[in-house]
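A quick write-up on the structure given underneath.
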There are 2 protein chains.
Amino acid sequence: MTSPHSHRTSVATAKRTLPSDQVVGSMAETFKVLGDPNRLRIVIALTQTELCTLDIARTLGMSESAVSHQLRLLKALRLVRQRKEGKLVLSSLDDEHIEDLLRIGRRHATEAA
Amino acid sequence: MTSPHSHRTSVATAKRTLPSDQVVGSMAETFKVLGDPNRLRIVIALTQTELCTLDIARTLGMSESAVSHQLRLLKALRLVRQRKEGKLVLSSLDDEHIEDLLRIGRRHATEAA
DNA sequence: CATACGATTGAACGATTGTTCAATCGTAAT
DNA sequence: ATTACGATTGAACAATCGTTCAATCGTATG
């Protein structure tokens, strides 16, 4: 025989640790937006410099349109901020936490499998 | 007139900062797996205790099958580890970086919009 | 004003996603 | 051996995703 196991108490304990649906949903959205390679590349590129939409497109080999669509998402989730300069729209990171996420995510990704 | 802008140099600079496709892809996978509310809840629940598949299902109100599918993904990406005990499969977090990601992600998510 | 350039928009498309469902496997207990 | 329980699997489905394409907007420059 192995150690006894009570489903009841485990479930009750685990349930207590969960944040509200709203918080979980918001966290998931944040991670999800970083979960696409092109969007992630955009964010990484912006850790160095402010860039206009076209430069991002050229840097990543994406269409201007695709970049614009993604920037709108990134802005909506407060990862990216934008300012206008003439006919350019310059994008930059909006939040200092983002670079932390990138750093840790990269560490996990490049660890020995 | 505003400040002059050279696309050429901005693109060249930005390109240098980008990790390889392989690294970016792996990072994106890591974020993506945390980008689903149910999967994220599973991971959060496991920060506290080791849990069997059924307990996770009961805690989150998911079917056993759905949980099992997601655990396989989490295991493949090395977020979750599993050990057997009798007929139970106990899951726990596989990597200490994960909790850091959760903490920072939560901070960003709960910041004032 | 007309032109060019950078940016945005919305519809449409194929591709991917997460779940359900039913069937099956494995282990422990009777 | 049979039963019960926990876990896994694969097919199938609706839903969501990210891109392309064409059209349009805005602003600076000729």
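Chain letters run A, B, ... following the sequence lines, proteins first, then strands; residues in each count from 1.
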Could you please spell out the steps behind the side-chain contact (heavy atoms from CB on, under 4.5 Å) verdict for R58(B) and K15(A)?
CA-CA 9 Å; R58(B) 291 216 230 275; K15(A) 266 185 180 165; over 6 Å; no
Tell me the interatomic distance from E85(A), atom CD, to dG6(C), atom C1', rounded to whole angstroms.
13 Å
Could you state the CG-C1' distance from D36(A) to dA15(C), rounded to the nearest angstrom?
13 Å
Go through residues 52-76 of chain B and report each residue with a non-hydrogen atom lying under 4.0 Å from DNA chain D, sorted by number.
C52(B), T53(B), L54(B), E64(B), S65(B), S68(B), H69(B), R72(B)
Nearest whole Å is fine: how far is dT17(C) C1' from K32(B) NZ?
8 Å
Nearest whole angstrom, please: distance from the P of dA7(C) to the NZ of K84(A).
10 Å
Which atoms form the tightest heavy-atom contact between L18(A) and A45(B), and what is the distance?
CD2-N, 4.2 Å
Tell me: CG of N38(B) to P of dA15(D), nearest whole Å?
17 Å
Nearest whole Å is fine: how far is dT29(D) P from H5(B) NE2?
14 Å
Rounded distance in Å - CG (L51(B)) to P (dG6(D))
14 Å
Separation of dA7(D) C1' from I42(B) CD1 (nearest whole Å)
14 Å
Beyond-backbone contact of D94(A) with K75(A), side-chain heavy atoms, under 4.5 angstrom
no
Taking 4.0 angstrom as the limit, do D21(B) and R41(A) come out as a salt bridge?
yes
Please report the shortest heavy-atom distance between T13(A) and T17(A), naming the atom on each side.
O-CG2, 3.4 Å
As a test of understanding, state which of I44(B), L79(B), L77(B) forms a side chain to side chain contact (heavy atoms under 4.5 Å, CB included) with L34(B).
L79(B)
